[in-house]
Enquirer: 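Sharing a structure with you now.
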Amino acid sequence: MSEAFVHCRGVTKRFGETTAVNDVSLEVERGQTLALLGPSGCGKTTLLRLISGLERPDAGTISIDGVQVSGDGKYVAPEKRRVGMVFQDYALFPHLSVRDNIAFGMSGGGRNERVDRLLAGTGLTGLGSRMPQELSGGQQQRVALARSLAAGPRVMLLDEPFSNLDPELRHRLREAGRAILESLQLTAIFVSHDQEEALSLSGRLAIMMNGRIEQVGAPSQVYNHPATRAVASFLGDANFLPGEFRDGRLQFELGSVTAKSDLSGAVEVMVRPERLRLDGDTGIPVEVVHSDYFGHDQLATVRLPSGDVVKVRLQPGRNFEIGSRTSLSLAGDVVLFPA
Amino acid sequence: MALTFGAFRRSYTLRAPPLVGVLAAGVGAAMLLPLVYLVIRASEHGTVFETLTRASTIETLIRTCLLAAAVTAAAILISLPAAWLTTRTDLPFRGVWSVLFSLPLVFPSYVGAFVLVAALGPRGIVQNWLEPLGVDRLPEIYGFWGAWLAITLFTFPYVLIPLRAAMKGLDQSMDDAARSLGASSFGTFFRVTLPQLRPALAAGGLLVALYTLSDFGAVSILRFDSLTRVIFIQYKSAFDRSEAASLALLLAAVALAAVWIESMTRGKARYHSEAVRRTPKIVRLGGWRWPALVFCVSLVMISLVLPASVLVYWLVRGLDAGQSVSFIGSAAVNSVQVSSLAAAAAILFALPVAVFSVRYPGALSRLIERASYTGFALPGISIALALVFFGANYAPWIYQTLPLLVFAYVVRFMPQALGASRASLLQTNPKTEEAARGLGKGKLAVFRRITLPQLLPGLSTGALLVFLTAIKELPATLLLSPIGFSTLATEIWASTNEAMFARAAAAAILLVLIAAIPTTIVVLREQRAR
């Protein structure tokens, strides 16, 4: 059996009373990009720091490329792991120029040429002699990336790499970063609390909550088939309605449909807003109570006969007056959770 | 004064009220007076060049610079481990050590020198003990190493205090980044941590270097011929005082050069990251705890406990022998009186400059501010000599009077008051004054009820610092005191020179106790502010 390139088994890390990382097992294949997504304080950053060796686990083991680096009394120092890390605040050395920052972790000859290549590759040509504080946030971010790449890492860890940037710049740098990681076939794990970023950038997505990994899978898999109610409500918009499930058939306010589940009896039904349709003809009668217009689409809130409200994603061209009456129907799969 | 302050209504007014500008300019000019007059006095006689290029002058200069360099290096070598242990490790009683490590500052270095002589010199404690055993000579404590030891032991906190602050402010993610880029913990310290501590080391090192250059008492008591001692001897013995003036100018130039060197090391790196910083990790010492504790205990013993014990020993011996120490009463009153006057005057001088430079920034206010800081670098003996010459030639009515002595203190110590008042003025929002005006209060009422209360903490800290340093100042007091006016500092000096150790000890203990009061207040305030 071939082992994952980065492999965490039952990793736990406590700080005093709080358990930051709780029995986490995670595998990342060689060359894969994994996004670690979760709310603030869920332990994402701590997990990265455990993998990089900046923290020691209280339990569990971590191995990289088949060699154990943490756990069971083994501990390889961070500088011996060849694990690159891009920090949220970039952590550029304020006393060194851009060039010297990048060359910091390099070994061997031809450094000048290699720094030049990295500067060019990250779009920083001509900025080598600047000091970090003379750069914009986006430039600092790219220096941090180049500095990590320069040390020749086997694995790249990126801690909220784009969170300190404005949205437009974030988008551009995200694309550039993805291109660089892909061209180098680097194994990478990045931490984010931005859903869109995590969904678009990663080959695989891990949802972390309260120190635990809730679900790992392809982004579409996690979005369409969330394993728990918590994952469903954290990732994207979700409606929850009560229902009855028996013998493959689901009965709830929006009608009676077939569904797949091991559950039986009372269930909670999760419907994504884009799996609902509003039109005047079919379905159950609803009243439009609110609408958020986003440009590329809009999110309408409607009240069901039972009094429950649900959100419906609409095309930008549609227009419903607040208070107007229309009807709602189901247009896709639902996911069932225990009630 | 009040009118002046009521007048700054808007921070963006570029035209300062004339009264503020005139007062500030007057202060700036007064602060430059000693240096300017020293240049004039030295150049009046044709012998400046001869004096300065003489072999003995060059030797003295080298000796002085070597002492300053050796003391600074030693202070840094003591402070680095002390600061690291008390900020970044799990050393037991860290809080206690960090207070104890700051306390040696209450000993003026001439008291330190006296302690060395009284403990290890001829007729000192150790020799008294050893005499029955037939030992009648101890290794020489006089000279370079004695001076080096005395000044280092009582000035190293000048490096330690800013270094501790810098170490606390370090960003752990810098260390983490270096480690993840393949640097060992040792390499990280030298390539990443130490460079970030450089500004604190340079600033603290400058204070120690300036203290050593200007130190007169310790080098004189320990008979080390540095510039200050040579100047004093020249002044006292030579008929023509031009030579003393030339040397005093040379000393001032060396001190200004030290300031210039420090400002050159600053470079263009800025040492703070805007983002949330990761607080530094606490290093577990494990078994290293014991050597670390031995280091801390030894440092406190030799810089605090031993000097205090030696002072008490001589005081008790003196009292046992029936010596009267009542004389120190009037000296203490004089010390407190003249230092309080200096503190009050320094505040009055500092206020217009602070207001002008903070509220009306511009080329002129920058110039005035710089001029006002000159005294920070000027050694006391240079200022005192300049004022002696000036008084003797132009203002005999003020020569050897209290006002001239107070003025010397103000020139030398006003920069501390200026720094403190600038800092608190920078923190007061001029909008609060505008708001008060908008609520129907007049200029005077705004100053009294809004501005002054906000400035008060800064002003009083400045006053305490001036008091603290003025009460310890020796050479300016020796040269400028009115005839028959003795302070605790001059008492210690005179008694030590005559080997009246009990007398010196009594005065030194009283001086240390008085100095401990403002020190404690300032330290407690800073801790509360943090």
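Within every chain, numbering begins at 1; the chains are lettered A, B, ... in the order of the sequence lines, protein sequences first and strands thereafter. Values reported hereafter were calculated over all heavy atoms of this structure, with side chains retained and with hydrogens, waters and symmetry mates removed.
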Enquirer: Take a 6.0 Å sphere around CZ of A/R111 and say whether it holds more than 12 heavy atoms from other residues, nucleotides or ligands.
Expert: yes
Enquirer: I want to check something: taking the side chain as every heavy atom from C-beta on, are B/M174 and A/P94 in contact at a cut-off of under 4.5 Å?
Expert: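 Yes. Closest side-chain heavy atoms under 4.5 Å.
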Enquirer: At a heavy-atom separation under 4.5 Å, does A/R82 approach chain B through its side chain, its backbone, both, or neither?
Expert: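 Neither part.
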Enquirer: Quick check: closest heavy atoms across A/L54 and B/R179, and the distance to 0.1 Å?
Expert: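 Reported closest heavy-atom pair: CD2-CB, 4.2 Å.
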Enquirer: Without swapping roles, check the side chain of B/R191 against the backbone of A/F104 for a donor-acceptor pair under 3.5 Å.
Expert: yes
Enquirer: Considering only heavy atoms, which portion of A/A151 lies under 4.5 Å from any heavy atom of chain B: side chain, backbone, both, or neither?
Expert: side chain
Enquirer: Shortest non-hydrogen contact from B/L181 to A/S148?
Expert: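 Here B/L181 and A/S148 meet closest at CD2-CA, 3.9 Å.
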Enquirer: More than 12 heavy atoms of other residues, nucleotides or ligands under 6.0 Å from CZ of B/F93: is that the case?
Expert: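 Not more than 12 within 6.0 Å, no.
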Enquirer: More than 12 heavy atoms of other residues, nucleotides or ligands under 6.0 Å from CG of A/N210: yes or no?
Expert: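 Atom CG in A/N210 is not crowded, with 12 or fewer foreign heavy atoms closer than 6.0 Å.
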Enquirer: Could you walk me through whether B/T188 and A/E79 pass side chain to side chain contact (heavy atoms under 4.5 Å, CB included), step by step?
Expert: CA-CA 10 Å; B/T188 302; A/E79 65 267 26; over 6 Å; no
Enquirer: Which pair of non-hydrogen atoms, one from A/F87 and one from B/S180, has the smallest distance, and what is that distance?
Expert: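 Scanning both residues, the minimum pair turns out to be CE1-OG, 4.3 Å.
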Enquirer: CG/B/D176 to CG/A/L48 distance, rounded to the nearest 0.5 angstrom?
Expert: 12.0 Å
Enquirer: Pick one of side chain, backbone, both or neither for A/F93, based on which atoms fall under 4.5 Å of a heavy atom in chain B.
Expert: both
Enquirer: Side chain, backbone, both or neither: which part of A/L157 has a non-hydrogen atom closer than 4.5 Å to chain B?
Expert: neither
